[in-house]
Amino acid sequence: MADPQELLGLAEDVARRAGALLRDGLARPRLAVDTKSTGTDMVTEMDRAAEALIVDGLLGIRRDDGMLGEEGTDRAGTSGVRWVVDPLDGTTNYLYRMAGFGVSIAAEVDGVITVGVVYDIVHDELFAATRGGGATRDGAPITVSAQEDLASALVGTGFAYDADRRRRQAEVLVTVLPRIRDIRRLGAAAVDLCSVACGRLDGYYERGLAAWDLAAGGLIATEAGATVSGFTVGPASAAGVVAAAPGIADELRGLVHGAGAADA
Ligand code: IPD
Ligand code: CA
Ligand code: CA
């Protein structure tokens with residue numbers, strides 16, 4: 001039986017080491033860049049180098065674990081533990097040297113996300129959670145905002161890389177934006193979820209997240225007291241994520257669903 005605290009300690013160490021590698025990469029004058037699903041979906045040599053470091057760091061110590069990583073790692077294990085990894089969430093920001101990127105590492109135990117770590121490289125902040133154990137930033141407990149008024153809520157969102165989906169997502173925003181305080185599009189979903197967890201955002205919604213975008217940040221937000229769901233009832237998934245302070249969660253979910261987010 002895997003000890004969540006042991007998994008957490010390992011994930012924290014490896015996330016910090018990957019973060020240091022990525023920080024060093026910012027000093028390179030030029031980064032090799034390829035595109036993936038669309039011309040706007042980029043991957044740099046540093047995304048791949050960070051994933052390689054994380055694979056070595058986790059599986060070097062826990063040889064029987066499985067792993068799913070955004071940059072191609074897909075390995076079945078035998079221990080019941082599977083790591084779900086986004087080695088660099090916020091690649092576009094990273095490439096443009098804009099704030100808003102980090103490392104996301106989650107551990108599933110027997111299919112249940114049990115440990116989550118997001119290292120926000122720009123702020124040098126480490127967000128962490130274990131299922132049922134609460135959420136922390138640099139070791140101190142964090143909680144969601146006390147916001148109860150949707151009209152006064154600061155809400156994050158994100159856009160997919162597919163052009164048609166982006167157009168529909170912009171149409172959803174036309175309905176959502178006049179009903180809230182303002183919108184933020186940071187460009188790093190895992191960091192957005194941690195921003196909800198610590199009250200920097202009152203809420204966040206997005207459609208089209210991959211497992212590695214959602215796994216760690218979703219647990220951290222939940223453990224910080226956020227209501228995390230899909231656009232209607234049911235769990236958050238690629239089909240839709242709403243993470244919000246409980247005081248606005250139902251209303252925000254209703255707003256984005258009514259605006260057509262599930263079809264965007
Ligand atoms: C992306 C970012 C972005 C979100 C996209 C993700 P990447 O991840 O998290 O904020 O809107 O849905 O794909 O490509 O930078 O790892
Ligand atoms: Ca990502
Ligand atoms: Ca990524």
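For reference, positions follow the sequence shown, starting with 1. For ligands, and for the atoms within them, numbers begin at 1 and follow the listed sequence.
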K.L.:
State the atoms of ligand 1, each with its element, that fall below the 4.0 Å cut-off from a heavy-atom position in Ala189.
P.N.:
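So the answer, numbered in order with elements, is 2 (C), 9 (O), 10 (O).
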K.L.:
I want to know if ligand 1 touches Gly208 in the polar sense, i.e. an N/O pair below 3.5 angstrom.
P.N.:
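No; every N/O pair is 3.5 Å or more apart.
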K.L.:
Considering non-hydrogen atoms of the protein only, which is the closest contact for atom 3 (C) of ligand 1, and what is the distance?
P.N.:
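Sorting protein heavy atoms by distance from atom 3 (C) of ligand 1 puts Arg185 NH1, 3.5 Å first.
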K.L.:
Is any side-chain heavy atom of Ile248 closer than 4.5 Å to a side-chain heavy atom of Asp149?
P.N.:
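No; the side chains remain at least 4.5 Å from each other.
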K.L.:
With a cut-off of 3.0 Å, does Trp212 place any N/O/S atom under that distance from the Ca ion (ligand 3)?
P.N.:
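Here the distance criterion (N, O or S atom, under 3.0 Å) is not met by Trp212, so no.
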K.L.:
Please report which non-hydrogen protein atom sits nearest to atom 8 (O) of ligand 1, along with the residue it belongs to and the distance in Å to one decimal place.
P.N.:
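For atom 8 (O) of ligand 1, the nearest protein heavy atom comes out as Asp89 OD1, 3.1 Å.
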K.L.:
Applying the side-chain contact (heavy atoms from CB on, under 4.5 Å) criterion to Ile105, which one of Leu8, Asp86, Leu58, Val84 satisfies it?
P.N.:
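For Ile105, the side-chain contact (heavy atoms from CB on, under 4.5 Å) test succeeds with only one of Leu8, Asp86, Leu58, Val84, which is Leu58.
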K.L.:
Which is it for Ala188 and ligand 1 at heavy atoms under 4.0 Å: side chain, backbone, both or neither?
P.N.:
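The answer is the backbone of Ala188.
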K.L.:
Taking atom types as modelled, find out whether Asp89 and Ser104 have a side-chain donor-acceptor pair closer than 3.5 angstrom.
P.N.:
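The answer is no; no qualifying pair exists.
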K.L.:
Looking at Asp86, which of its N, O or S atoms is the nearest one to the Ca ion (ligand 2)?
P.N.:
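The Asp86 atom nearest to the Ca ion (ligand 2), restricting to N, O or S, is OD2.
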K.L.:
Restricting to N, O or S atoms, which atom of Asp213 is closest to the Ca ion (ligand 2)?
P.N.:
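This residue's closest N, O or S atom turns out to be OD1.
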K.L.:
Of all N, O or S atoms in Asp89, identify the one at the shortest distance from the Ca ion (ligand 2).
P.N.:
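So the atom name we want here is OD1.
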K.L.:
Is the shortest distance from a heavy atom of Met42 to ligand 1 less than 4.0 Å?
P.N.:
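Met42 does not count as a contact of ligand 1 under the 4.0 Å cut-off.
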K.L.:
Applying a heavy-atom cut-off of 4.0 Å, say which part of Leu186 lies close to ligand 1: side chain, backbone, both or neither.
P.N.:
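Answer for Leu186: neither.
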K.L.:
Under 4.0 Å from any heavy atom of Leu209, which atoms of ligand 1 are there?
P.N.:
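Under 4.0 Å from Leu209, ligand 1 has these atoms: 12 (O).
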K.L.:
Can you tell me which portion of Thr92 lies within the under-4.0 Å heavy-atom range of ligand 1? Options are side chain, backbone, both, or neither.
P.N.:
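It is neither part, as no heavy atom is under 4.0 Å.
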K.L.:
Suppose we measure from atom 5 (C) of ligand 1 to each protein heavy atom; which comes out shortest, and what is that distance?
P.N.:
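Answer, as residue, atom name and distance: Glu206 OE2, 3.5 Å.
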K.L.:
Taking the non-hydrogen atoms of Val191, is any one of them nearer than 4.0 angstrom to ligand 1?
P.N.:
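No, that is not the case, since the closest heavy atom of the residue is not under 4.0 Å from the ligand.
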K.L.:
Considering only heavy atoms of Gly90, which atoms of ligand 1 have at least one such atom less than 4.0 Å away?
P.N.:
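Ligand 1 atoms under the 4.0 Å threshold to Gly90: 7 (P), 15 (O), 16 (O).
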K.L.:
I would like to know whether Asp192 and Ser195 meet side-chain hydrogen bond (donor to acceptor under 3.5 Å, both in side chains); could you show each step before the answer?
P.N.:
CA-CA 5 Å; Asp192 286 327; Ser195 296; 5.2 Å; no
K.L.:
So which of Thr222, Val112, Val109, Val115 actually passes side-chain contact (heavy atoms from CB on, under 4.5 Å) with Arg131?
P.N.:
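For Arg131, the side-chain contact (heavy atoms from CB on, under 4.5 Å) test succeeds with only one of Thr222, Val112, Val109, Val115, which is Val112.
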K.L.:
Looking at Glu70, pick out the N, O or S atom nearest to the Ca ion (ligand 3) and give its name.
P.N.:
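Closest to the Ca ion (ligand 3) among those atoms: OE1.
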K.L.:
With Trp83, which of Leu7, Thr73, Ile54 fulfils side-chain contact (heavy atoms from CB on, under 4.5 Å)?
P.N.:
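Output: one option passes, namely Leu7.
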K.L.:
Provide, to 0.1 Å, the distance between atom 14 (O) of ligand 1 and the closest protein heavy atom, together with that atom's residue and name.
P.N.:
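The closest heavy atom on the protein side is Tyr161 OH, 2.7 Å.
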